[in-house]
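In what follows, chains are A, B, ... by sequence order, proteins preceding strands, each numbered from 1. Note that the coordinates shown come from a computational prediction; the quantities given were computed from them, not determined experimentally.
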Protein chains: 2
Amino acid sequence: MKIPLTQKSLCGCCVIRERCLPAGLNDEEVLLLDQQMEHRLPIKKGALLYSQGQVFDSLYAISTGSFKTRILHEDGRSQITGFQLSGEMLGLDAISEERHVCDAIALEDSTVCKIAYDSLTNLESEINPLQRSFNKTLSKEIVRDQSIMLLLGSMRAEERVAAFLVNLSERYHARQQSASELVLRMTREDIGNYLGLKLETVSRILSRFAQENLINVQGRLITITDVKQLQLVTLSS
Amino acid sequence: MKIPLTQKSLCGCCVIRERCLPAGLNDEEVLLLDQQMEHRLPIKKGALLYSQGQVFDSLYAISTGSFKTRILHEDGRSQITGFQLSGEMLGLDAISEERHVCDAIALEDSTVCKIAYDSLTNLESEINPLQRSFNKTLSKEIVRDQSIMLLLGSMRAEERVAAFLVNLSERYHARQQSASELVLRMTREDIGNYLGLKLETVSRILSRFAQENLINVQGRLITITDVKQLQLVTLSS
DNA sequence: CGATTGGTTGAGCCCATTCAACGAATGTGG
DNA sequence: CCACATTCGTTGAATGGGCTCAACCAATCG
């Protein structure tokens, strides 16, 4: 929790600054924000950042690594609601009930930056653009969720898997990672759960895509060889 | 757009005040909010309050009536993302891209209250509790969407329909309407689209529920005769 | 009155699931 | 170091739930 002064782990010089909470703020404003945050807390692979039911007091931004969020239904069913990459925020859904309504689990050794929600709302009053940009962050999450509703509600299995790969590719690309060589951090079961499919179905479809020379599958390393065709698959209703 | 002064259509004395944007504000604060709004604009059944792609500048709160929101995919597919009742807000998803990303269609003759987003953000700076309560409104929408993801991702058809009816019943109840006599404002096709099912499937399942004496179906009038059993159906994974 | 929209029901089919076997990779303890 | 267990992934065969296609009816509307 303590940050060595020598580390200078400030938002201002963070590589993901413009994709994260400080996006659009000037240096002065970023400094104000920065001082309210705990930076680069390490979370081990498989560890829970928070869990369902836990009292909410802080939001998190992923600095490095990736997470999955999962809601559990009373009857034991679970649904993975998203895979989050660097720069994305965790805990937004907890604001409404002041308790976390999902589990956030690290898919690999990761680091997160933490800010108390009270601090954030205070800053929102002081820094006008922050208020608007935080509204945008929340709204963006709504749009994301609704596009998954479209996927789950009206796409066939092949289309879902293709859409998943294309989406991941775009997000990797935005993070200066290869858009064609995807190193998946989640299991086939995770993917299936997220897409409303069984893991066998996901596996079969990946094999089929490989056979059609759209992708190359070596376990969790997926190489996209024909993006255009893959994008077409997502549209082939 | 002009409000007759005699009408006194103020949030302060609105029956849904505590379920709407003014929730939690004191009388003075409500008055400030009230002055920034256009009240009780009539929207005819079937009319679009806004449509996908349209530039975003205002949010809406449903005063009376109900709406459906629908996103259209490039390939022609559509997905209904929600049915909204009085007191619920429309347009939240547009904040992120400054354009509407869905269509909002009135399911019956309705009235809405309109507030410019700029006015709202200005008020957020002035009225501290408004900022927090608006964050909650956004976060609540995220939670709602994620519970639909659970429904679409892991429930079977019967469970989805049962969950739909139970949810509608609860929301009607919260609005002092009968929790057992549901007058549906949407078609079977709308319901099916929303639930990721075909309209025939919805119709068949309603008939089956009727045969099992869980409900009574007379077209769009659904009478719930055994809530407990219906709730059990939603859990019977 | 016909035309249109919305709803129900039946028969057959197909896509994704279930159940199952197997292989590869990884980790653990003796 | 090997033996063993565990986790993860692939593939096959059979099943079934929801879809497709179709016919029919009721209500509404111009």
Restricting to nitrogen or oxygen on both sides, can you table the protein-nucleotides 27-30 of chain D pairs closer than 3.5 Å?
none

Whole angstroms only, please: what is the [atom1]-[atom2] distance between [X] and [N]?
{"X": "B/Ile205", "N": "C/dG7", "atom1": "CD1", "atom2": "P", "value": "16 Å"}
{"X": "B/Met155", "N": "C/dT17", "atom1": "CE", "atom2": "P", "value": "17 Å"}
{"X": "A/Lys198", "N": "D/dG16", "atom1": "NZ", "atom2": "P", "value": "17 Å"}
{"X": "B/Lys45", "N": "C/dT5", "atom1": "NZ", "atom2": "C1'", "value": "11 Å"}

Checklist line | Angle of first-five versus last-five pair axes in the helix from C/dC1-D/dG30 to C/dC13-D/dG18, to 10 degrees | finding: 0°

Note to self: Salt bridge check, B/Arg77 against A/Glu159: does any charged N sit closer than 4.0 Å to a carboxylate O?
What the structure shows: yes

Check: Are B/Ser207 and C/dT9 close enough that a side-chain N or O sits under 4.0 Å from OP1 or OP2?
Finding: yes

Next item on the list: Could you tell me which residues satisfy ring pair (Phe, Tyr, Trp, His ring centres under 6.0 Å) with A/Tyr194, sequence neighbours excluded, listed by chain and number?
Entry: A/Phe83

Next item on the list: Indicate yes or no for a side-chain donor-acceptor contact from A/Ser110 to the backbone of A/Ser66 under 3.5 Å, with no hydrogens or angles considered.
Entry: yes

Restricting both atoms to N or O, compile the protein contacts to nucleotides 19-27 of chain C shorter than 3.5 Å, with distance only.
unit_1: C/dC19; atom_1: N4; unit_2: A/Glu200; atom_2: OE2; d: 3.3

What does the list of N/O pairs under 3.5 Å between the protein and nucleotides 7-9 of chain D look like, with a distance for each?
unit_1: D/dG9; atom_1: OP1; unit_2: A/Arg220; atom_2: NE; d: 2.9
unit_1: D/dG9; atom_1: OP2; unit_2: A/Arg188; atom_2: N; d: 2.8

Let me check something: any side-chain donor-acceptor pairs from residues 203-220 of chain B under 3.5 Å, sequence neighbours excluded? List them with distances.
unit_1: B/Ser207; atom_1: OG; unit_2: B/Ser203; atom_2: O; d: 3.0
unit_1: B/Arg208; atom_1: NH1; unit_2: B/Glu158; atom_2: OE2; d: 2.6

